[in-house]
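To find a chain, count down the sequence lines: A is the first, B the second, and so on, and within it residues start at 1.
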2 protein chains.
Amino acid sequence: MSSPEYAPRLSRRPGFVFVRAALRIRQIYAEALATVGLLPNQHAILSTLDELGPCHQKELAQRVVVDQGDIVAYLDGLQHNGYISRERDPKDRRRQIVTITDAGRELLAESDQVLDHIEADTFSVLSDRERAQLTRISTRLYDGSDAAGH
Amino acid sequence: MSSPEYAPRLSRRPGFVFVRAALRIRQIYAEALATVGLLPNQHAILSTLDELGPCHQKELAQRVVVDQGDIVAYLDGLQHNGYISRERDPKDRRRQIVTITDAGRELLAESDQVLDHIEADTFSVLSDRERAQLTRISTRLYDGSDAAGH
DNA sequence: TATTGTTATACTCTATAACTATA
DNA sequence: TATAGTTATAGAGTATAACAATA
């Protein structure tokens, strides 16, 4: 049974079809990350921290594209489990310097393996060419919507 | 500034890039629909009702892919504003038959115009060929993830 | 069907503390 | 200095949506 049967007119909207598929993919990813105890945003935070090195919460929030007010709770959870550490910046004591720990790097490696597996499975219905197309088109849409001021 | 700069490693994951773009598109759609007083799920409900004709809440929930428990609140809102009517099915009085009203059809036409406008704008960064590719790939992913039991 | 509650995410508003610039 | 303005975090509250359990 193909999806257009459920809502023929909506299925003619590229935006609707796009969003509907992505929400399902997101759910699959969230379930996979839950097996290692991470929320999707927490995985994005660990991944970004690992790549960029220690940084302040504000910069981290901007890069991960999470609200500055909401990142506190994500970091609280990560810190509680020892995956990150927070220290006051001696040069500006308002700021917290967030650093990924060894345990955080281990968990990140584990969760990336889980995601690699899930991703390979989820995208197995697509050819390499189609995956490249999807990535390119998605990036263009994201950047384009950003430029439009949203 | 291109999006990969924010999170280089995550941006190499097709799933992440896909979901990130779709969430932004979804937000743009939600804001557009808010101007006519509709939630995205309410628009999907009206669109489906208009296309399929009167049907029971359970079938409606299945087609729109909304939880049967959650659809009650969406329908309450639509009924309060006169966009739908609910009547007990005389053949099975446990069931409610949901019907879109003339006011509902008017609002649907208006909201579809809004969406057409927003959609043209959002996808203007893509060629016709790319839009077709995106729709085809998204549909394949959605159906594929469904077959995988998610 | 409907209700209640939980979770994830995103957004708004406010509070506190600490920094910066200037009178 | 003293004051005003800004910034970084933190917390509370709200809204949408998906889901589970139950009446």
In whole angstrom, give the distance that lies between atom [atom1] of [X] and atom [atom2] of [N].
| X | N | atom1 | atom2 | result |
| --- | --- | --- | --- | --- |
| Leu23(B) | dT16(D) | CG | P | 17 Å |
| Arg88(A) | dC19(C) | CZ | C1' | 13 Å |
| Leu39(B) | dT14(D) | CG | P | 18 Å |
| Leu38(A) | dT7(C) | CG | P | 17 Å |
| Ile45(B) | dA18(D) | CD1 | P | 10 Å |
| Arg94(A) | dC19(C) | CZ | C1' | 4 Å |
| Glu31(A) | dA8(C) | CD | P | 12 Å |

Practice item. Answer with yes or no whether the side chains of Tyr29(A) and Glu119(A) bring together a donor and an acceptor at under 3.5 Å. Key: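 Short answer, yes.
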
Review point. Are side-chain N/O atoms of Arg86(A) and Gln96(A) paired as donor and acceptor at under 3.5 Å?
Key: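 No pair is found: no donor N or O on one side chain lies under 3.5 Å from an acceptor on the other.
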
Exercise for review: Report the residue (Lys91(A) or Asn41(A)) whose heavy-atom-nearest nucleotide on DNA chain C is the more 5′ of the two.
Suggested key: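 Going by which nucleotide is closer to the 5' end, it is Asn41(A).
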
Is [X] close enough to [N] that one of its side-chain N or O atoms is under 4.0 Å from OP1 or OP2 there?
| X | N | value |
| --- | --- | --- |
| Arg86(B) | dA2(C) | yes |
| Gln27(A) | dA17(D) | no |
| Arg93(A) | dA18(C) | yes |
| Arg95(A) | dA8(D) | yes |

Practice item. Please report the shortest heavy-atom distance between Ser111(B) and Val36(B), naming the atom on each side. Key: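 Scanning both residues, the minimum pair turns out to be CB-CG2, 3.8 Å.
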
Review point. Between Gln96(A) and Arg26(B), which has a closest nucleotide on DNA chain D that is more 5'?
Key: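 Closest to the 5' end, via its nearest nucleotide, is Gln96(A).
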
Exercise for review: Carefully, step by step, assess His43(A) and Asp112(A) under the rule side chain to side chain donor-acceptor pair (under 3.5 Å).
Suggested key: CA-CA 9 Å; His43(A) 171 262; Asp112(A) 274 331; 3.0 Å; yes

Review point. Looking at DNA chain D, which of residues 66-80 of chain A put a heavy atom within less than 4.0 Å of it?
Key: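 DNA chain D contact set from residues 66-80 of chain A: Gln68(A), Val72(A).
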
